[in-house]
Chemist: 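My questions all concern the structure below.
Just so you know, ligand 1 is whichever comes first in the structure, and atom 1 is the first atom listed for that ligand. Just so you know, these numbers come straight off a predicted model, no measurement behind them. Index from 1, following the sequence.
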Amino acid sequence: MADSTGPISLTVHGAAGRMGRRVVALGMTDSSFHLVGAIDHAQSDHLGKDAGSVAGEAPSGVEISSTWPTLGDQTGPQAVVDFSLPEALDDCLAHCVKVGSPLVVATTGLTDEQKQRLSDAAASIPIVWAPSMSLAVNLSMKIAEQITAALKDVSGGLDVEILERHHRFKADAPSGTALKFGELIAGQLGESTTHVHGREGHTGARTREEIGYHAIRVGDNPGEHTIVFGMLGEKIELNVAASNRDCYASGALAAAKWLIQENKGPGLYSMFDVLGMSDN
Ligand SMILES: NC(=O)C1=CN([C@@H]2O[C@H](COP(=O)(O)OP(=O)(O)OC[C@H]3O[C@@H](n4cnc5c(N)ncnc54)[C@H](OP(=O)(O)O)[C@@H]3O)[C@@H](O)[C@H]2O)C=CC1
Ligand SMILES: O=C(O)C1=N[C@H](C(=O)O)C[C@H](O)C1
């Protein structure tokens, strides 16, 4: 149970997708949750099918629909978990603001305008937003900050390059996680940091200021990030890799529980907040 008011009524946005299916599956086996909604787009091949069955589990009694559930007189806690597409997020935000539902946003590749709308919505509802819901990835981000702080003034200079590997179906590049690693590392390196996406041709020598990003798309890789800290004479490689998608799905469900159990008010929270790793 999430708290004394009973299980959280859970709606999954992007329910027929690779991630949505895992959130449905794990949510169904967690007594803190009661699946009430499974949303996908109106043209989805999976519309009308049982969300549990689509996820490869026992039937859940909840059909995949393009219409948000009405919770009627139900007064217990509710939460929405979103793993969809950037262009699908506005509708999800509008629904959550309308019904006052806490929201976990995992979708990556958002434009600056979409990020602004997320911030605006967080003025009225609690939102956890993170490019990676994985515990290991968030911990690695903190370690990357520490490594950068320790080495940024090393004799001969520090070169930081970020390699990410994902499945061939991934729509955005570089990954939201790679960009977040870069943002946090740049925060340690200083304001003159530049971000270079891939290299080709006569690029000239690497500058001290740049962070390089390299996006590899191979097979069914559920997500892997390697941060290379290169110096003259030695290097450190920080590698964090998912074996399957459940690290993200369980992290998103933990974030939903955290919003309810901690009784969070409106605001934009991160997985660092959820995991107790926040600096403030
Ligand atoms: N923060 C994190 O920890 C993680 C984030 N992600 C991110 O989550 C997102 C989803 O990833 P993944 O599950 O692999 O992608 P998928 O493409 O498999 O899933 C997205 C789902 O959303 C559906 N969709 C499309 N349009 C709409 C709409 N308008 N309304 C509702 N649903 C819609 C898609 O339908 P259709 O297939 O028919 O287009 C699909 O079912 C990506 O941005 C990814 O980067 C992924 C893993 C971890
Ligand atoms: O699309 C994915 O699969 C993933 N996307 C997220 C990202 O862009 O960082 C997180 C994870 O790496 C899997």
Chemist: Leu89 and Val81: same hydrophobic cluster, using ILVMFWY side-chain contacts below 4.5 Å?
Modeler: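 Per the 4.5 Å side-chain linkage, Leu89 and Val81 are not co-clustered.
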Chemist: Which atoms from ligand 1 have a heavy atom of His13 less than 4.0 Å away?
Modeler: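 The atoms of ligand 1 under 4.0 Å from a heavy atom of His13 are 30 (N), 31 (C).
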Chemist: Would Ser132 count as a contact residue for ligand 1, given that I'm defining contact as a non-hydrogen atom of the residue lying under 4.0 Å from a ligand atom?
Modeler: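 Flag set, Ser132 near ligand 1.
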Chemist: For ligand 1, indicate whether the residue Ala130 contacts it via side chain, backbone, both or neither (heavy-atom separation under 4.0 Å).
Modeler: backbone
Chemist: In this structure, does ligand 2 have an atom that sits under 4.0 Å from one of the heavy atoms of Pro131?
Modeler: yes
Chemist: Which residue supplies the protein heavy atom nearest to atom 12 (O) of ligand 2, what is that atom called, and how far is it?
Modeler: His166 NE2, 2.6 Å
Chemist: Are Asp279 and Lys142 close enough for a salt bridge, meaning some N to O gap below 4.0 Å?
Modeler: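 A salt bridge is present here (some side-chain N lies under 4.0 Å from a carboxylate O).
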Chemist: Can you list the ligand 1 atoms lying under 4.0 Å from a non-hydrogen atom of Ala88?
Modeler: 27 (C), 28 (C), 29 (N), 30 (N)
Chemist: Let me confirm one number: the NE2-CG distance from His167 to Asp220, rounded to the nearest 0.5 Å.
Modeler: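 Rounded to the nearest 0.5 Å, the NE2-CG separation comes to 9.5 Å.
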Chemist: Nearest 0.5 Å, please: how far is SG in Cys92 from CZ in Phe83?
Modeler: 12.0 Å
Chemist: Would you mind reporting whether Ile236 and Leu151 have side-chain heavy atoms less than 4.5 Å apart?
Modeler: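 Side chain of Leu151 against side chain of Ile236, heavy atoms only: contact under 4.5 Å found.
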Chemist: From atom 37 (O) of ligand 1, is the closest protein heavy-atom distance below 4.0 Å?
Modeler: no
Chemist: Can you tell me which residue and heavy atom of the protein come closest to atom 8 (O) of ligand 1, and the distance to 0.1 Å?
Modeler: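 Going atom by atom, the protein heavy atom closest to atom 8 (O) of ligand 1 ends up being Phe83 CD2, 3.6 Å.
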Chemist: Is it true that His195 and Tyr213 have ring centroids separated by less than 6.0 Å?
Modeler: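 Ring centres of Tyr213 and His195 closer than 6.0 Å.
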Chemist: I'd like to check which ligand 2 atoms, numbered from 1 as shown, lie under 4.0 Å from a non-hydrogen atom of Tyr248.
Modeler: 11 (C), 12 (O), 13 (C)
Chemist: Could you check atom 3 (O) of ligand 1 against the protein and tell me its nearest heavy-atom contact, residue, atom and distance included?
Modeler: Met133 N, 2.8 Å
Chemist: Counting heavy atoms only, which part of His225 comes closer than 4.0 Å to ligand 2: side chain, backbone, both or neither?
Modeler: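 His225 to ligand 2: side-chain contact only, backbone stays beyond 4.0 Å.
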Chemist: Does any N or O of ligand 1 fall below 3.5 Å from an N or O anywhere on His41, backbone included?
Modeler: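 Yes; the residue has a nitrogen or oxygen that sits under 3.5 Å from a nitrogen or oxygen of the ligand.
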Chemist: Please list, in number order, the atoms of ligand 1 under 4.0 Å from a heavy atom of Met19.
Modeler: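 Ligand 1 atoms under the 4.0 Å threshold to Met19: 13 (O), 46 (C), 47 (C).
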Chemist: Would you check whether Pro222 reaches within less than 4.0 Å of ligand 2, judged by its heavy atoms?
Modeler: yes
Chemist: What residue and atom, counting heavy atoms only, is the protein's closest point to atom 48 (C) of ligand 1, and at what distance?
Modeler: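 So the nearest neighbour among protein heavy atoms is Tyr248 CG, 3.4 Å.
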Chemist: Heavy-atom pairs closer than 4.0 Å: do any link ligand 2 to the side chain of Thr177, the backbone, both, or neither?
Modeler: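 Thr177 to ligand 2: contacts from backbone and side chain alike.
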Chemist: At a non-hydrogen distance cut-off of under 4.0 Å, which region of Ser175 contacts ligand 2 (side chain, backbone, both, or neither)?
Modeler: both
Chemist: Identify, for atom 19 (O) of ligand 1, the protein heavy atom at the shortest distance, and state residue, atom and that distance.
Modeler: Gly17 CA, 3.3 Å
Chemist: Val36 versus Leu10: any side-chain heavy-atom pair under 4.5 Å?
Modeler: no
Chemist: Can you confirm whether Ser32 sits close enough to Pro7 that some side-chain heavy atom of one is under 4.5 Å from a side-chain heavy atom of the other?
Modeler: no
Chemist: May I ask you to test the Tyr269-Ile127 pair for a side-chain heavy-atom distance under 4.5 Å?
Modeler: no
Chemist: For atom 17 (O) of ligand 1, what's the nearest protein heavy-atom neighbour? Residue, atom name and distance, please.
Modeler: Arg18 NH2, 3.6 Å
Chemist: Between Ser134, Ser84, Gly109, which one has a non-hydrogen atom sitting closest to atom 42 (C) of ligand 1?
Modeler: Ser84
Chemist: Would Gly20 count as a polar contact of ligand 1, with the cut-off being nitrogen or oxygen pairs under 3.5 Å?
Modeler: no
Chemist: Do the side chains of Lys170 and Glu164 get close enough for a salt bridge, i.e. N-O under 4.0 angstrom?
Modeler: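 A salt bridge is absent here (no side-chain N lies under 4.0 Å from a carboxylate O).
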Chemist: Return the OG1 to CG distance between Thr108 and Leu110, rounded to the nearest 0.5 Å.
Modeler: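 Here the rounded value is 7.5 Å.
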Chemist: Is there side-chain contact between Trp258 and Asp273, with heavy atoms separated by less than 4.5 Å?
Modeler: yes
Chemist: For ligand 1, does Thr108 get within less than 4.0 Å through its side chain, its backbone, both, or neither, judged by non-hydrogen atoms?
Modeler: both
Chemist: Going by heavy atoms in the side chains, are His13 and Asp40 under 4.5 Å from each other?
Modeler: no
Chemist: Less than 3.5 Å between some nitrogen or oxygen of Arg245 and one of ligand 2, yes or no?
Modeler: no
Chemist: At a 4.0 Å threshold, what atoms of ligand 1 neighbour a non-hydrogen atom of Ala106?
Modeler: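 The atoms of ligand 1 under 4.0 Å from a heavy atom of Ala106 are 1 (N), 2 (C), 4 (C), 5 (C), 6 (N), 7 (C), 8 (O).
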Chemist: Closer than 4.0 Å to some heavy atom of Leu85 - which atoms of ligand 1 meet that?
Modeler: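 The atoms of ligand 1 under 4.0 Å from a heavy atom of Leu85 are 25 (C), 26 (N).
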Chemist: Can you confirm whether Thr11 sits close enough to Ile39 that some side-chain heavy atom of one is under 4.5 Å from a side-chain heavy atom of the other?
Modeler: yes
Chemist: With side chains defined as the heavy atoms from C-beta onward, is the minimum distance between Ile227 and Glu237 less than 4.5 Å?
Modeler: no
Chemist: Could you give the distance from CE (Met133) to CG (Leu253), rounded to the nearest 0.5 Å?
Modeler: 10.0 Å
Chemist: May I ask you to identify, for Met19, whether its side chain, its backbone, both or neither come under 4.0 Å of ligand 2 on a heavy-atom basis?
Modeler: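 No part of Met19 is near ligand 2 at this cut-off.
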Chemist: At under 4.0 Å between heavy atoms, is it the side chain or the backbone of Pro131 that contacts ligand 1, or both, or neither?
Modeler: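 Under 4.0 Å from ligand 1, Pro131 contributes backbone atoms alone.
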Chemist: Of Gly176, Ala130, Ala215, which has the heavy atom at the shortest distance from atom 7 (C) of ligand 2?
Modeler: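 It is Gly176 that holds the nearest heavy atom.
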Chemist: Can you confirm whether or not the ring centre of His225 sits under 6.0 Å from the ring centre of His166?
Modeler: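 Between His166 and His225, which both carry aromatic rings, the centre distance is below 6.0 Å.
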Chemist: Considering non-hydrogen atoms of the protein only, which is the closest contact for atom 23 (C) of ligand 1, and what is the distance?
Modeler: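 Nearest neighbour among protein heavy atoms for atom 23 (C) of ligand 1, to 0.1 Å: Asp40 OD1, 3.1 Å.
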Chemist: Please say whether Lys170 places an N or O atom under 3.5 Å from an N or O atom belonging to ligand 2.
Modeler: yes
Chemist: Would you mind telling me if ligand 1 is within reach of the side chain of Gln43, the backbone, both or neither, using heavy atoms under 4.0 Å?
Modeler: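 Within the 4.0 Å criterion, Gln43 makes no contact with ligand 1.
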Chemist: Residue-level breakdown please: for Lys170 versus ligand 1, do any non-hydrogen atoms fall below 4.0 Å on the side chain, on the backbone, on both, or on neither?
Modeler: side chain
Chemist: With a cut-off of 6.0 Å (strictly less than), are more than 12 heavy atoms of other residues, nucleotides or ligands near NZ of Lys235?
Modeler: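 Not buried by this count: 12 neighbours or fewer within 6.0 Å.
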Chemist: Taking the minimum heavy-atom distance to atom 3 (O) of ligand 2, which of His167, Arg165, Arg18 ranks first?
Modeler: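 Nearest option to atom 3 (O) of ligand 2, by heavy atoms: His167.
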Chemist: Looking just at side-chain N and O atoms, do Thr207 and Glu210 make a donor-acceptor pair shorter than 3.5 Å?
Modeler: yes
